[in-house]
Number of protein chains: 2
Amino acid sequence: MPRIRHERFDCSPGCTVEGTLRYIDGKWKGVVLYHLFEGTLRFNEIRRRIPNCTQRMLTNQLRELEADGLIARKIYPEVPPKVEYSLTPRGRSLEPVITALKVWGDANVTLAPEVSQAAA
Amino acid sequence: MPRIRHERFDCSPGCTVEGTLRYIDGKWKGVVLYHLFEGTLRFNEIRRRIPNCTQRMLTNQLRELEADGLIARKIYPEVPPKVEYSLTPRGRSLEPVITALKVWGDANVTLAPEVSQAAA
DNA sequence: GCACATAGTGTCGAAAAGGATACCGCAATG
DNA sequence: CATTGCGGTATCCTTTTCGACACTATGTGC
């Protein structure tokens, strides 16, 4: 479950902003959503796209996104397990938001020079 | 200091999304930014607009936003202290992002029933 | 028989975020 | 003299988040 940022969302006129943030807040949710905009992916396909994320964390994030109705989880009862993740319409409706975040990020999140080389 | 979501932002194609999130992540940053879009505000003016936020947390969030170059802090060396907060150009450039968050939130973050009647 | 791939789960512990409360100096106000 | 408003700090504590690591069952290939 994501951090519950405010138990009530009428605290202030801008609180739906925080409300949206509550859905995409979580260390890897933004990236997961981003990759799912490309299309349906299996668990390990996502995992390979986000190598820094541990299996347990990925499971957590996917479960939270599913609980929030943003992604759908389809299990194929085969014997090498197969699970596919895809966006729900609600999840897909986040696209402009993610896009806005990406646009700003591309312009402003300078993959910091000292970070990109040292990454200490 | 905000949570450092990823020490590297080249981990995955969608990582600038997370990079942007890093700036606005923090329990009250979204609301603070939202209010500052209205114009310059003094410390206690912001505080009164976000009554659920404690003084310590507000100070923290403002300091982080300042450190990230999103807001400017102007101190008037008067004897009843006076400090004004305003957006920097960089902060103002976040407006489309905050707006996208708000638009989605207004449509999808259903203010809990008892809340939405109060908001009506 | 052994390792590998699949999609997870369980437990532990460190670190960070966030909340509660008390305190600061100073001026004006009552 | 006491209180209020200003813009914070300092301290303590709880909750949440996140990462490391080990473990599961099943089927296939070697």
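Below, chains carry the letters A, B, ... as their sequence lines are ordered, and counting in each starts from 1.
Side chain of B/Arg73, nearest nucleotide from D/dG8, C/dG19, C/dG8: D/dG8. The side chain of A/Val83 has C/dA7 as its nearest neighbour among D/dG8, C/dA7, C/dT9. The side chain of B/Phe43 lies closest to D/dG8 when the candidates are D/dG8, D/dC18, C/dG19.
The side chain of B/Arg42 places an N or O atom within less than 4.0 Å of a non-bridging phosphate oxygen (OP1 or OP2) of D/dG7. A sub-4.0 Å separation between OP1 or OP2 of D/dG8 and a side-chain N or O of B/Arg63 is present. Contact check, B/Trp28 against C/dA17: no side-chain N or O comes under 4.0 Å of OP1 or OP2. The side chain of A/Arg48 contributes no N or O atom lying less than 4.0 Å from OP1 or OP2 of C/dA5.
Atom-to-atom, CG of A/Asp25 to C1' of C/dA16 comes out at 13 Å; the value is rounded to the nearest Å. As rounded to whole Å, 11 Å separates atom P of D/dG7 from atom CG of B/Leu62. With rounding to whole Å, B/Glu45 atom CD is found 12 Å from D/dC6 atom C1'. The separation between B/Leu58 atom CG and C/dG19 atom P is 12 Å, rounded to whole Å. When the C1' atom of D/dT4 is taken as reference, atom CZ of B/Arg47 falls 13 Å away, rounded to whole Å. In this structure, A/Arg22 places its CZ atom 16 Å from C1' of D/dT17, rounding to the nearest Å. As a whole-Å value, the separation of A/Lys74 NZ from C/dA7 P is 15 Å. Nucleotide D/dG8 holds its C1' atom 11 Å from the CG atom of B/Asn60, rounded to whole Å.
Taken to the nearest 0.5 Å, the CD1 atom of B/Ile46 stands 11.5 Å off from the CD atom of B/Gln61.
In this structure, B/Arg56 has no side chain to side chain donor-acceptor pair (under 3.5 Å) partners at least two apart in sequence or on a different chain. A/Ser93 meets the side chain to side chain donor-acceptor pair (under 3.5 Å) test with B/Trp104; sequence neighbours excluded. When the side-chain contact (heavy atoms from CB on, under 4.5 Å) test is applied to A/Glu95, the partners found at least two apart in sequence or on another chain are A/Phe37, A/Arg92, A/Thr99. Evaluation of the side-chain contact (heavy atoms from CB on, under 4.5 Å) rule for A/Gln55 yields A/Phe43, A/Arg47 as partners, not counting sequence neighbours.
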### Task
Indicate for each nucleotide in nucleotides 21-30 of chain D, in 5' to 3' sequence, whether protein heavy atoms under 4.0 Å reach the base (B), only the sugar-phosphate (S), or nothing (-).
-----SS---
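Here A/Tyr85 lies in heavy-atom contact (under 4.0 Å) with sugar-phosphate atoms only.
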Please tabulate, for the side chains in residues 72-82 of chain B, all donor-acceptor contacts under 3.5 angstrom to protein atoms that are two or more places apart in sequence or on a different chain.
residue : atom : partner : partner atom : Å
B/Arg73 : NE   : B/Tyr85 : OH           : 3.0
B/Tyr76 : OH   : B/Glu84 : OE1          : 3.0

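Under a 4.0 Å N-O distance rule, the pair B/Asp25/B/Lys29 does not qualify as a salt bridge.
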